[in-house]
Amino acid sequence: SPDTKEHFAREYDCYGDSYTADTDVAQLKEVFSRVTDNK
Amino acid sequence: MEKILNRICPVSDPEAVYFLQVSWEKDLGAGFGIILTDGGCAWTGTVSETEISREAADMEMNREKYVEELKKALILGEESAGKYNFAISRDEENALCHFSYERNLKDGSFQLGSLKLQKVSHPADVVKELLSHCLDCLGRLQVENEHLQKENERLFSDWSDVEKRLEKCVEAKEELEADLYNRFILVLNEKKAKIRNLQKLLNEAKESAADTKCTR
Amino acid sequence: MEKILNRICPVSDPEAVYFLQVSWEKDLGAGFGIILTDGGCAWTGTVSETEISREAADMEMNREKYVEELKKALILGEESAGKYNFAISRDEENALCHFSYERNLKDGSFQLGSLKLQKVSHPADVVKELLSHCLDCLGRLQVENEHLQKENERLFSDWSDVEKRLEKCVEAKEELEADLYNRFILVLNEKKAKIRNLQKLLNEAKESAADTKCTR
């Protein structure tokens with residue numbers, strides 16, 4: 001829903017990485033796996 | 001001058017052991033020399049290029065093919081054992097020796113060639129020459145053998161070196177990846193802490209703005 | 001039974017060429033047999049363990065050292081050429097042959113040993129045995145060389161395979177590093193954009209709070 005979308009947009013960047021929650025290796029690997037080469 | 005020495009057991013006298021040395025210039029088809037010895041006597045003879053051509057023609061065999069057969073019969077020795085037969089017949093005084101060589105077939109055999117060998121007056125010299133030739137070949141092979149052994153050791157050490165370097169590279173790649181992730185996480189979590197802090201300040205600013213409004 | 005055949009030129013007759021075969025069980029010091037031939041005649045003899053001990057004692061030389069000298073003189077052949085001399089003296093009928101071997105020194109030589117060799121009644125058999133032994137050694141060496149050759153080719157191909165894998169690994173490591181940095185930059189820049197945005201909002205909130213204060 002728009003609300004959910006707005007919530008995620010506020011909490012996560014376009015690669016699905018949280019703006020505020022600390023990350024760890026596993027999470028970062030997952031984020032990197034979503035990063036394609038869209039410069 | 002190429003030379004090769006082989007041990008042969010003639011079908012004409014299977015108990016006997018003879019030594020056959022064939023020598024030729026570059027190409028066996030251009031003619032070859034034969035030395036035959038039983039260790040005590042020795043006989044020698046040659047087969048010319050013309051005779052080779054005539055033999056091939058008589059057998060209506062392609063000349064190259066015929067020379068190939070000669071190589072297998074006279075030079076390859078033990079490698080083609082059983083496929084070729086030799087027959088040796090000596091006259092009483094051993095002055096002459098008739099030497100023939102034939103190809104074995106399933107249903108019989110056909111003669112590849114034959115020649116009359118002349119007795120050598122000093123067989124001891126021939127024996128010395130054969131033994132010297134053997135020792136020279138052994139010496140060369142030993143040198144080659146040592147060279148191959150050294151080459152073998154060098155290649156093995158090169159291979160194990162590069163194997164170790166590959167292992168190190170794989171380890172280094174894994175370490176690099178882990179190291180980069182750890183560094184990235186530190187930097188990224190710094191930024192996230194900054195964002196949390198800014199969001200907290202922003203929320204406080206919004207609340208105080210809202211309070212001010214009410215107050216007014 | 002170990003056997004080794006060498007060509008020797010006796011100091012007693014430098015023009016002559018003889019072939020010396022030494023045969024022994026595991027250890028030369030336990031005694032050895034000798035066959036000597038000039039290609040026509042052949043002589044044979046043995047040296048027992050006791051005789052070896054007596055020779056060493058007569059020379060007041062340590063037995064092991066003496067056996068080492070015997071090895072260099074009688075077995076190493078061409079390898080120790082010039083350091084050892086051989087002397088051969090034959091009686092008229094060639095029935096007996098006195099064979100001695102000595103160590104060359106700068107200022108002379110000393111005899112390592114000697115023995116009377118008995119004439120062989122069928123030298124042709126000895127010659128055949130020597131030639132057969134040579135051919136067997138040649139065959140073994142040829143097989144070993146071919147094996148070493150193949151082994152070298154295999155090692156070389158293994159080495160080049162690993163070399164290629166190492167190159168790939170180094171490339172992969174460099175690509176991994178570049179790739180991780182690229183991804184990290186994209187993710188980090190998202191956070192930086194967020195921080196810029198929050199700072200902008202916070203500044204606006206602070207300004208509006210300041211305005212409100214003035215207005216009031």
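Below, chains carry the letters A, B, ... as their sequence lines are ordered, and counting in each starts from 1.
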Taking side chain as everything from C-beta outward and backbone as N, CA, C, O, which of these in [X] sits under 4.5 Å from a heavy atom of chain B? Side chain, backbone, both or neither.
X        : result
C:Tyr181 : both
C:Phe19  : side chain
C:Glu167 : neither
C:Lys128 : both
C:Asn6   : backbone

Between B:Arg154, B:Glu174, B:Gln149, which shows the greatest number of heavy-atom pairs under 4.5 Å with chain C?
->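 Of the candidates given, the most pairs with chain C belong to B:Gln149.
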What residue in B:Thr37, B:Asp125, B:Asp158, B:Val170 has the most heavy-atom pairs under 4.5 Å with chain C?
-> B:Asp158
Relative to each other, are the rings of C:Tyr18 and C:Trp43 parallel, tilted or perpendicular (30° and 60° limits)?
-> tilted
State, with a plain yes or no, whether a side-chain heavy atom of [X] is found less than 4.5 Å away from one of [Y].
X        : Y        : result
C:Val22  : C:Lys3   : no
C:Asp136 : B:Arg7   : yes
C:Leu180 : B:Glu177 : yes
B:Leu198 : C:Gln199 : yes
B:Trp159 : C:Val162 : yes
C:Leu5   : C:Leu20  : no
B:Ile52  : B:Phe32  : yes

Are B:Lys168 and B:Glu171 within salt-bridge range, i.e. N to O under 4.0 Å?
-> no
Does any backbone or side-chain atom of [X] lie under 4.5 Å from a heavy atom of chain C? Answer side chain, backbone, both or neither.
X        : result
B:Leu202 : both
B:Glu129 : neither
B:Leu176 : side chain
B:Lys192 : side chain

Gap between atom NZ of B:Lys150 and atom CG of B:Leu155 - 0.5 Å precision =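 Answer for the CG-NZ pair, B:Leu155 versus B:Lys150, is 14.0 Å.
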Interatomic distance, C:Ile88 atom CD1 to C:Asp13 atom CG [nearest 0.5 angstrom] |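 Taking CD1 in C:Ile88 and CG in C:Asp13, the distance rounds to 8.5 Å.
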Between [options], the one whose heavy-atom pairs under 4.5 Å with chain B are most numerous:
options                               : answer
C:Leu135, C:Val17, C:Asp38            : C:Leu135
C:Lys206, C:Glu204, C:Lys191          : C:Lys191
C:Cys137, C:Cys41, C:Ala205           : C:Cys137
C:Cys134, C:Gly40, C:Ser160, C:Cys169 : C:Cys169
C:Leu130, C:Leu131, C:Val126          : C:Leu131
C:His122, C:Glu144, C:Lys173          : C:Lys173

